[in-house]
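What follows is one structure encoded as structure tokens, with my remarks underneath.
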Amino acid sequence: MQHLGDTVPGILTFACGHAVLDPLTGAPVQFVDEAAPARQFLLDDVATPWHSVEHQWGSGHVMTDRGSARWHTPAELRVADDGAVEAVHTPLTGLRVEIRRHAREGLLFERYTVVNTTGEPLTITGLGVQTPFADLYDGAEASLEHAVHAHLFTGGTWAWALAQPMSGEGRCLGLIVRDGAVRAYSVESRNHNSQSNARGHLVLLVTDHARNPKAFGGQPVLRLGPGESTTVAWELGWYDTVEDFTAATRPPAVLSAYAAEIGEPILVEASSVSSPDPDMTVEREAAGLHRVRASRHGSYRLDVGDGARTEVLFHLPLEEVVRRRVAYITRYQRARERPGLLRHAFVPVDTRTGLTQATNGWADWSDGSERIAMPLLLQAAVAHGLADAAETDPLLEGWAVFARRHLLDDTAAPRRGSQTWHTGPRLYDTPWLARFFHDRHHAHGRPDDLGLAARILERSFELGGATHLSIGLSPTTLAVCAALDADGQPGRADKLRDQLIGSARTFVAKGRQLPAHEVAYEQSMVAPLLDLLTDAHTLTGDPVFLDAVAERLPWLLAFGGPQPHARLHGIAIRHWDGYWFGANRLWGDVSPHYWSTLTAVTLLRLPATLRTDATDRLAEAILHANMANYSEDGSATCAFVMPSTVDGRAAHTADPLANDQDWHLLLWMQTQDQAAASRRPAPVRPGNG
């Protein structure tokens, strides 16, 4: 074997950047954008101690009827006459993996070929290549400066990966499959060691039939005769914008939408369109134009062109899903067996059995915190005429008493649940509890409900809420302030508004130095930040807040990618909630996760000068996409874990626990209320703010 350093340069330059090559394997260990050399596109063992040689770019695995193996160190390494770096691996007897990479015309080309070198047939049931993009959170400032979001689309012959700077600024690194197919992806190194701040090692899969044959619409078995081979090849390039990259992918189809209500069509421009799902119909309108419909609520595989595929979603109307969820919650997700006030709690349920999930000492299965979505949804459903008030209101009255006693302490600080092992206030819960009692006041006019809502928010600021990006804090505070104004308490309202404005000024001064929360950096920090700044601008008219929103908006948008797929388009990457909230305890990307709806809500609340038709369309796509988390019978999943496998365990599955996903329905209803309110004349607010 020849060592790379003896025969070829240690880098491959393409356009405005280069790949740094390992002298032993000839594989990239880092991609460098020369305009931003500090940005890390690939994981390494400096930033991530759990990174290991098996996960180097271009390493891989193969599973066959002759056995399975990984490849990393080549048996041969050479430079071809045209300057290409070529490596040969022999992970199994009678099987060769030939890798060729070279730079040309501003692009880096890689080709992976698996050859059957025997006189006997070979069956391949697993084939993957490591692509360890540096998608990890090392605090907001470091993430925005150095890390990337990896947006993956594994659409067969229509497949690509986009490594986008987390700041939303600077060049992206794009990978586009040009030969062969990538039909799935997996995640490795997701466990207690890597935890929530790292997405793990990403692996692009030609097939994952051996471990998860039904993933991503089905994984094929590859059969090679004597001397035959199979190839996947892609190109990598630098792109100034996401739009430049998507144009370069030369998409074989254009869809009018990725999700729609049942009865509404999705128009698809493609040479051919079909689906293996019997509940979906495809009508050819004209040459290259097809009309796709489905008769039942659910996700459907869509095949387009020559070997390309994606997924579309058809769903019941929002109002009908809310009705069915309310019915399911009231039937299955109440803790009836408990004594006293505890019986009024709403809890997770295993949808396979209908058995409620005991807390088991696990905070994310408690009867508080994110489960507050359920009483909030029931209350909103009653307000919108989507639930029977006579049946539902007693449940809410009981929950209100339960919450006062068990989810708030004597100072109105939030507790994570009713359990005695509660260890202190959780600021995330304050806006949710305040919103519930605000809505209770709106429904019944009782002063004590409004007083408690205000006190919860006041206590939040006393506990440091001004420097905590609690989800919903800003819009909830404004709603409570408006109610206080109407109730003749403008002084109390103005004090809360002043604290909100002060919080916004604090975060403007912090710039990129956002404080770490339960995760070091995440989309559900940036969306509340933008809401806060937007509301501060509305309250004061100070242009510093408008400028701050404009500067930070790309941070939020970068969390979601442009994948032409119902579960992925615009959906913020979130890759830990299957473990924390689900029954299967699976790490890995949750697609869509309900907090992706925060992006939609934030986009619809933007100042008028920043809101565009494009941001409105993206918001609508996100709201519709999250309908994938509900079933026709009103059951739901807290986490659809997207990868085909996670550390070798089969995934691409909906977790059986209905837990906290109802925030999506609630937030969608609130955006409708916001839109309706914006069409009404604004009330005159006492004072000058």
Side-chain angles (χ1 to χ4, degrees), residues 3-5 8-15 17-33 37 39-62 69-74 77 84-89 91 97-103 107-114 127-136 146-152 154 159-164 171-178 180 182 185-189 194 198-206 231-238 643:
H3 284 234
L4 183 61
V8 299
I11 65 172
L12 280 177
T13 300
F14 57 110
H18 62 270
V20 180
L21 303 183
D22 185 317
L24 293 177
T25 65
V29 294
Q30 193 57 258
F31 294 106
V32 179
D33 175 4
R39 181 161 294 123
Q40 188 175 17
F41 285 88
L42 298 183
L43 298 173
D44 60 31
D45 54 12
V46 176
T48 48
W50 40 265
H51 180 64
S52 59
V53 294
E54 301 98 325
H55 301 291
Q56 184 182 82
W57 182 281
S59 298
H61 70 264
V62 62
R70 293 183 181 270
W71 72 78
H72 171 68
T73 306
L77 185 62
V85 177
E86 296 181 339
V88 176
H89 301 259
V97 178
E98 300 173 352
I99 302 174
R100 176 182 169 88
R101 54 180 59 92
H102 66 283
L107 297 171
L108 176 63
F109 296 89
E110 293 192 322
R111 177 174 292 271
Y112 298 82
T113 302
V114 178
L127 180 58
V129 179
Q130 297 277 338
T131 54
F133 292 108
D135 194 332
L136 75 166
H146 301 299
V148 295
H149 297 297
H151 304 302
L152 307 181
T154 57
W160 47 259
L162 178 65
Q164 181 181 14
R171 280 190 283 261
C172 305
L173 178 66
L175 178 157
I176 305 171
V177 173
R178 294 302 191 194
V182 170
Y185 76 96
S186 64
V187 174
E188 298 180 353
S189 308
S194 51
R199 193 172 172 191
H201 291 108
L202 301 174
V203 187
L204 298 184
L205 302 170
V206 176
T231 292
V232 62
W234 54 57
E235 65 185 40
L236 293 116
W238 303 99

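- T25 places a side-chain N or O within 3.5 Å of a backbone atom of A27 that can act as its donor or acceptor partner.
- Checking side-chain atoms of W160 against main-chain N and O of W234 turns up no donor-acceptor pair under 3.5 Å.
- No donor-acceptor distance shorter than 3.5 angstrom exists from the side chain of S186 to the backbone of P643, with no hydrogens or angles considered.
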Go through it in stages, so that I can follow the logic: the residues are R171 and D33, the test is side-chain contact (heavy atoms from CB on, under 4.5 Å), and I'd like the CA-CA distance, side-chain angles, deciding distance and then a yes or no. CA-CA 7 Å; R171 280 190 283 261; D33 175 4; 2.8 Å; yes
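- In this structure, S194 contributes its side chain and S189 its backbone to a donor-acceptor pair below 3.5 Å.
- The shortest side-chain heavy-atom distance between E110 and P28 falls under the 4.5 Å cut-off.
- The closest side-chain heavy-atom distance from L205 to V182 is not below 4.5 Å.
- Contacts of H102 classified as side chain to side chain contact (heavy atoms under 4.5 Å, CB included), with partners at least two apart in sequence or in another chain: A84, R100, R104, F109.
- Looking at D135, its side chain does come within 3.5 Å of a backbone N or O of A150 through a donor-acceptor pair.
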Candidate pair D44 and V29, rule side-chain contact (heavy atoms from CB on, under 4.5 Å), full reasoning: CA-CA 8 Å; D44 60 31; V29 294; over 6 Å; no
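- Looking at T231 and T113, their side chains do bring a donor and an acceptor atom within 3.5 Å of each other.
- W238 and F31 have their aromatic ring centers separated by at least 6.0 angstrom.
- A heavy-atom distance below 4.5 Å is not found between the side chains of L108 and E235.
- In this structure, V88 and V97 have side chains that are not in contact, with every pair of non-hydrogen atoms separated by 4.5 Å or more.
- With 3.5 Å as the limit, one finds no donor-acceptor pair spanning the side chains of H72 and H89.
- With respect to R70 and E54, no salt bridge is recorded, no charged nitrogen being found less than 4.0 Å from a carboxylate O.
- No side-chain donor-acceptor contact under 3.5 Å links R101 to the backbone of L12.
- Shown here are the side chain to side chain contact (heavy atoms under 4.5 Å, CB included) partners of V32, two or more places apart in sequence or in another chain: H18, V20, Q30, P37.
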side-chain contact (heavy atoms from CB on, under 4.5 Å) assessment of V85 paired with L77: CA-CA 7 Å; V85 177; L77 185 62; 4.0 Å; yes
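- A tilted orientation is assigned to the rings of H201 and H51, their planes being inclined by 30° to 60°.
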Full working for salt bridge (charged side-chain N to carboxylate O under 4.0 Å, His left out) between E188 and R199: CA-CA 9 Å; E188 298 180 353; R199 193 172 172 191; over 6 Å; no
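- Counting heavy atoms from C-beta outward, L202 and V187 have side chains that approach closer than 4.5 Å.
- L24 is not listed as a side-chain neighbour of Q56, based on a closest heavy-atom distance of 4.5 Å or more.
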Stepwise, does the ring pair (Phe, Tyr, Trp, His ring centres under 6.0 Å) test hold for W57 with F133? CA-CA 9 Å; W57 182 281; F133 292 108; 5.5 Å; yes
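- Two residues are said to be in side-chain contact when any heavy atoms from C-beta on lie closer than 4.5 Å; C172 and L162 meet this criterion.
- Here CG of L152 is found 6.5 Å from CG of L204. Values are rounded to the nearest 0.5 Å.
- With rounding to the nearest 0.5 Å, the separation of CG in L175 from CG in L107 is 11.0 Å.
- Of the inter-residue distances, the one linking I11 atom CD1 with L21 atom CG reads 8.5 Å to the nearest 0.5 angstrom.
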Before you tell me yes or no, could you show the steps for V203 and T131 under side-chain contact (heavy atoms from CB on, under 4.5 Å), namely the whole-Å CA-CA distance, both residues' side-chain angles and the distance that decides it to 0.1 Å? CA-CA 6 Å; V203 187; T131 54; 5.9 Å; no
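- Side chain of W71 to main chain of G58: a donor-acceptor pair is present (N/O by atom type, distance under 3.5 Å, no hydrogens or angles).
- For H55 and Q130, the side-chain atoms include at least one donor-acceptor pair closer than 3.5 Å.
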